[in-house]
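As structure tokens, the structure follows; a few thoughts come after it.
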Amino acid sequence: MTDAPSANTDRVRLEPGWKSRIGDYLLRDDMQALSAFLRERRAKGAQVFPPLPQVFAALDATPFDKVKVVILGQDPYHGFGQAHGLCFSVQPGTAIPPSLDNVFKELQRDLGIPRPAHGCLTHWAEQGVLLLNAVLTVEEGKAGAHAGKGWECFTDRIVEVLANEREHLVFLLWGAYAQAKGKVIDTGRHRVLKAPHPSPLSAHRGFIGCGHFSKTNEYLVRHGQAPIDWRLP
């Protein structure tokens, strides 16, 4: 990503499969306004996360043609050093946040996979799990600081393109926010699995026990795709 999407797509840095489908979207007036907002916040000294080169890390890590599973988050972690562009994920050496810890608890309950010692989900992304936040930036200590600035429409477009152009994807929609973004998905073409959000406030209302990881792999195998190895190296 350039700090501001430019007037031509040649300067928009995206994985080629994504760029051919959504690169033009970054040139819209509302995205230009979002870019100007981000420049302004940085100029005023705001710590914006994730770091600029990692804003589109989810798309870089999981090319369009490789997507098999989509997990939708809300916005990046707002603690220093946590967010690196993949929803729910943190860099190795960073404490595992409570929501991710509940994801690991369900993974252990569902598939017997021991809870890992770190929270970096890059291994999932590299296998085709798109780890997409609805809002791609945030400010330190201010959850939701960049909500309503334009990212939501952009990520809606990503979901729409996947739902329309691909077949037999699995969408994991955890919580009301993610479920609202999933309304455009044709459940005849894709598997949509819904559960409460894994946050400590709601995980025990149905996230723990949802079985989404085994159900995802069962669907992928049934449609001739390799299952996800949910273990983290």
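We number each residue from 1, following the sequence as shown.
- Shortest non-hydrogen contact noted between Leu121 and Cys87 is CD1-O, 3.9 Å.
- If you take OG1 on Thr122 and NE2 on His84, they are separated by 5.0 Å, rounding to the nearest 0.5 Å.
- Note that NE2 of His190 is 6.0 Å distant from CD of Glu167, once rounded to the nearest 0.5 Å.
- Of the possible donor and acceptor atoms, one in the side chain of Gln225 sits under 3.5 Å from a partner among the backbone N and O of His168.
- In the displayed structure, Phe37 atom CZ is contacted under 6.0 Å by more than 12 heavy atoms of other residues, nucleotides or ligands.
- Counting only distance, with no hydrogens or angles, the side chain of Lys181 and the backbone of Glu152 share a donor-acceptor pair below 3.5 Å.
- Between Ala195 and Cys210, the shortest heavy-atom distance links the atoms CB-CB, 4.0 Å.
- Phe207 and Asn102 get closest at one heavy-atom pair: CE2-O, 3.5 Å.
- Expressed to the nearest 0.5 Å, how far OG1 of Thr62 lies from CD of Gln127 amounts to 10.0 Å.
- Looking at Asp110, its side chain does come within 3.5 Å of a backbone N or O of Phe213 through a donor-acceptor pair.
- Formation of a donor-acceptor pair under 3.5 Å by the Arg21 side chain with backbone atoms of Leu162 is not found in this model.
- When the shell of 6.0 Å around NZ of Lys66 is examined, it contains 12 or fewer heavy atoms from other residues, nucleotides or ligands.
- Expressed to the nearest 0.5 Å, how far CD of Glu40 lies from OG of Ser35 amounts to 12.0 Å.
- Among residues at least two apart or in separate chains, side-chain hydrogen bond (donor to acceptor under 3.5 Å, both in side chains) pairs with a member in residues 129-146 are Arg41-Glu139, Thr137-His146, Thr137-Trp151, Glu139-His146.
- Residue Ala203 comes nearest to Pro198 through the heavy atom pair CB-O, 3.6 Å, listed as atom of the first residue, atom of the second, then distance.
- The backbone N or O of Trp18 lies less than 3.5 Å from a partner atom in the side chain of Glu15, making a donor-acceptor pair.
- Remark: side-chain polar atoms of His118 are paired, donor with acceptor, to backbone N or O of Pro233 under 3.5 angstrom.
- Nearest heavy-atom pair, Pro63 versus Ala61, reported as atom, atom and distance to 0.1 Å: CD-O, 3.6 Å.
- The side-chain tip of Arg28 points at the ring of Tyr25 from less than 6.0 angstrom away and within 45° of straight on.
- Here Leu172 contributes atom CG and Lys194 contributes atom NZ; the two are 12.5 Å apart, rounded to the nearest 0.5 Å.
- A salt bridge does not link Glu218 to Arg222: none of the charged side-chain nitrogens sits closer than 4.0 Å to a carboxylate oxygen.
- Partners of Arg191 according to the side-chain hydrogen bond (donor to acceptor under 3.5 Å, both in side chains) rule, which considers only residues two or more places apart in sequence or in another chain, do not exist here.
- The backbone N or O of Ile228 lies less than 3.5 Å from no partner atom in the side chain of Lys68, so there is not a single donor-acceptor pair.
- Between Pro50 and Pro76 the shortest heavy-atom distance is CD-CG, 4.1 Å.
- Checked by atom type and distance alone, the side chain of Arg166 pairs as donor or acceptor with a backbone atom of Val67 at under 3.5 Å.
- No donor-acceptor pair under 3.5 Å is formed between the side chain of Lys149 and the backbone N or O of Val135.
- Interatomic distance, CG of Asp101 versus CG of Leu107, reported as 11.5 Å (0.5 Å rounding).
- Not counting sequence neighbours, His197 has no partner by the side-chain hydrogen bond (donor to acceptor under 3.5 Å, both in side chains) test.
- Remark: the backbone N or O of Leu232 is not paired with any side-chain donor or acceptor of His123 at under 3.5 angstrom.
- Between His212 and Trp174, the ring planes are parallel. Angles under 30° get that label, and only those over 60° would be called perpendicular.
- With a 6.0 Å radius and a threshold of 12 heavy atoms from other residues, nucleotides or ligands, Arg109 has its CZ atom above the threshold.
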Derivation of the side chain to side chain contact (heavy atoms under 4.5 Å, CB included) call for Phe104 and Leu100: CA-CA 6 Å; Phe104 291 157; Leu100 181 57; 3.7 Å; yes
